[in-house]
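Convention: sequence-line order gives letters A, B, ...; per-chain numbering from 1.
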Protein chains: 2
Amino acid sequence: MVESELAQLNDVFHALGDTTRRRMLRELSEGEKTVGELAAPFEMSLAAASKHIKVLEKAGLIRREARWRSRVCYLEPGPLASAQQWLKQYEHFWTERLDILERLLREEDASKTPNREGDDP
Amino acid sequence: MVESELAQLNDVFHALGDTTRRRMLRELSEGEKTVGELAAPFEMSLAAASKHIKVLEKAGLIRREARWRSRVCYLEPGPLASAQQWLKQYEHFWTERLDILERLLREEDASKTPNREGDDP
DNA sequence: TTCTGATTCAACCATATTGTTGAATGTAGC
DNA sequence: GCTACATTCAACAATATGGTTGAATCAGAA
């Protein structure tokens with residue numbers, strides 16, 4: 001279980017580590033698209049685009065569904081949420097930073113006023 | 001600029017797409033560590049661990065600093081924030097889902113009332 | 001059934017990644 | 001200077017990745 005979740009996270013981040021695939025996700029965020037439509041903007045063969053799509057699918061980021069005479073892809077946001085969840089562990093590293101910055105600015109500001117330190121109500 | 005930012009995002013996601021490197025980041029989130037300390041938990045040569053550290057460094061996720069007779073690594077949270085920023089674009093897909101679910105439940109509830117269809121102004 | 005269009009498969013190539021080992025480097029202390 | 005320690009470099013091998021091309025598949029229209 002845990003093993004496969006780690007593997008899934010590997011797949012998700014790996015899938016996101018490529019500009020082509022991130023652009024594909026962006027396209028899909030605007031709505032469903034066939035493989036052909038998804039491949040069109042890229043200067044590569046359809047087969048190559050199909051491989052990228054397969055990587056996204058393996059990561060669970062998209063699904064393919066047979067519809068009419070082509071296959072429609074659509075976004076599956078769950079794994080993106082997992083990735084964000086993982087990053088959230090580290091969120092305090094930058095929010096804390098902003099807090100420190102803010103506190104420093106307040107202290108600097110306080111030092112310009114004639115008031116003593118620690119006078120803030 | 002944009003080019004290099006995209007490349008950076010590639011590097012960041014690529015770096016995150018490996019369990020060893022994510023564990024290293026986790027270790028560093030608890031404080032600075034030398035290369036040796038960072039490598040110790042893993043069943044691989046020091047040279048291999050050093051390569052992983054280099055990947056993290058290339059992505060800007062950590063920095064190495066010469067200190068005393070060894071090198072100390074510490075977390076650089078900026079790129080993690082960028083990754084989270086990127087994922088934030090898609091956040092509405094899962095928050096919206098909850099909204100949709102809520103709306104469906106409300107509609108279902110409304111359909112139980114004696115009002116006709118299409119009555120909504 | 002046959003034709004057509006959309007997509008995938010198979011084989012192949014170039015390059016990148018991840019690991020190994022042994023040598024090389026750099027720094028602190030004797 | 002020499003020694004010891006920590007880390008990296010160099011060379012190598014195995015495997016993964018990302019691309020190509022041409023054949024194969026598969027569903028719907030004629």
Side-chain angles (χ1 to χ4, degrees), chain A residues 3-4 6-28 31-75, chain B residues 3-4 6-25 27-28 31-75 79:
Chain A
E3 192 91 27
S4 70
L6 288 180
Q8 188 69 3
L9 213 46
N10 282 355
D11 287 346
V12 171
F13 281 126
H14 169 248
L16 296 180
D18 181 286
T19 313
T20 299
R21 290 192 288 262
R22 285 200 307 279
R23 279 183 59 193
M24 283 179 165
L25 288 179
R26 170 74 91 128
E27 296 288 323
L28 288 179
E32 300 180 339
K33 281 193 163 46
T34 66
V35 171
E37 288 168 339
L38 211 47
F42 301 100
E43 289 179 350
M44 67 178 66
S45 68
L46 205 54
S50 182
K51 283 188 189 176
H52 281 297
I53 292 171
K54 189 174 276 187
V55 171
L56 291 169
E57 197 176 28
K58 188 188 172 218
L61 288 162
I62 69 168
R63 297 238 180 124
R64 265 186 280 206
E65 196 173 283
R67 198 133 84 212
W68 200 56
R69 55 194 289 176
S70 65
R71 270 161 237 206
V72 172
C73 306
Y74 56 93
L75 200 64
Chain B
E3 193 90 28
S4 69
L6 287 181
Q8 187 71 2
L9 213 45
N10 283 354
D11 288 345
V12 170
F13 281 125
H14 168 247
L16 296 181
D18 181 286
T19 312
T20 299
R21 291 192 289 263
R22 285 200 307 280
R23 279 184 58 193
M24 284 178 164
L25 288 178
E27 295 288 323
L28 289 178
E32 300 179 339
K33 282 193 162 49
T34 66
V35 172
E37 289 169 338
L38 212 47
F42 301 100
E43 287 179 352
M44 67 176 67
S45 67
L46 206 56
S50 183
K51 283 186 190 177
H52 280 296
I53 292 171
K54 189 175 274 186
V55 171
L56 291 169
E57 196 176 29
K58 189 189 173 218
L61 287 163
I62 69 167
R63 296 235 181 125
R64 263 187 281 206
E65 196 173 280
R67 199 132 85 210
W68 201 55
R69 55 193 290 179
S70 65
R71 269 160 240 206
V72 172
C73 306
Y74 57 93
L75 199 64

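- Spacing between atom NZ of Lys51(A) and atom C1' of dT21(D) amounts to 11 Å, rounded to whole angstrom units.
- Whole-Å rounding puts the Lys54(B) NZ to dT8(D) P distance at 8 Å.
- dT17(D) atom P lies 15 Å from atom CG of Asn10(B), rounded to whole Å.
- Across all strands, Arg67(B) comes closer than 4.0 Å to no nucleic acid atom at all (heavy-atom distances).
- The Met44(B) side chain lies nearest to dT20(C) when the options are dT20(C), dG19(D), dC9(C).
- Counting any heavy atom pair closer than 4.0 Å across all strands shown, Ser45(B) reaches a base atom.
- Base contact: Ala47(B) has a heavy atom under 4.0 Å from a base atom.
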Going through the distances and angles, do Glu32(A) and Glu65(A) end up as a side chain to side chain contact (heavy atoms under 4.5 Å, CB included)?
CA-CA 10 Å; Glu32(A) 300 180 339; Glu65(A) 196 173 283; 5.8 Å; no

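- Closest contact between the side chain of Asp18(A) and the listed nucleotides dT21(D), dG18(D), dG19(D) involves dG18(D).
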Could you walk me through whether Ser70(A) and Val35(A) pass the side chain to side chain contact (heavy atoms under 4.5 Å, CB included) test, one step at a time?
CA-CA 8 Å; Ser70(A) 65; Val35(A) 171; over 6 Å; no

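- If you check every strand for non-hydrogen atoms under 4.0 Å, Thr20(A) touches nothing.
- Comparing dT7(D), dT7(C), dG18(D) by their nearest atom to the side chain of His52(A) picks out dG18(D).
- When rounded to the nearest whole Å, the span between CD of Glu65(A) and P of dT8(C) equals 14 Å.
- Summarising the geometry, the separation between CD on Glu37(B) and P on dT7(D) is reported as 8 Å, rounded to the nearest angstrom.
- Looking at the side chain of Arg71(A), the nearest of the listed nucleotides dT7(C), dT20(C), dG19(D) is dT7(C).
- Map Glu43(A) and His14(A) each onto its nearest nucleotide of DNA chain D; the residue landing nearer the 5' end is His14(A).
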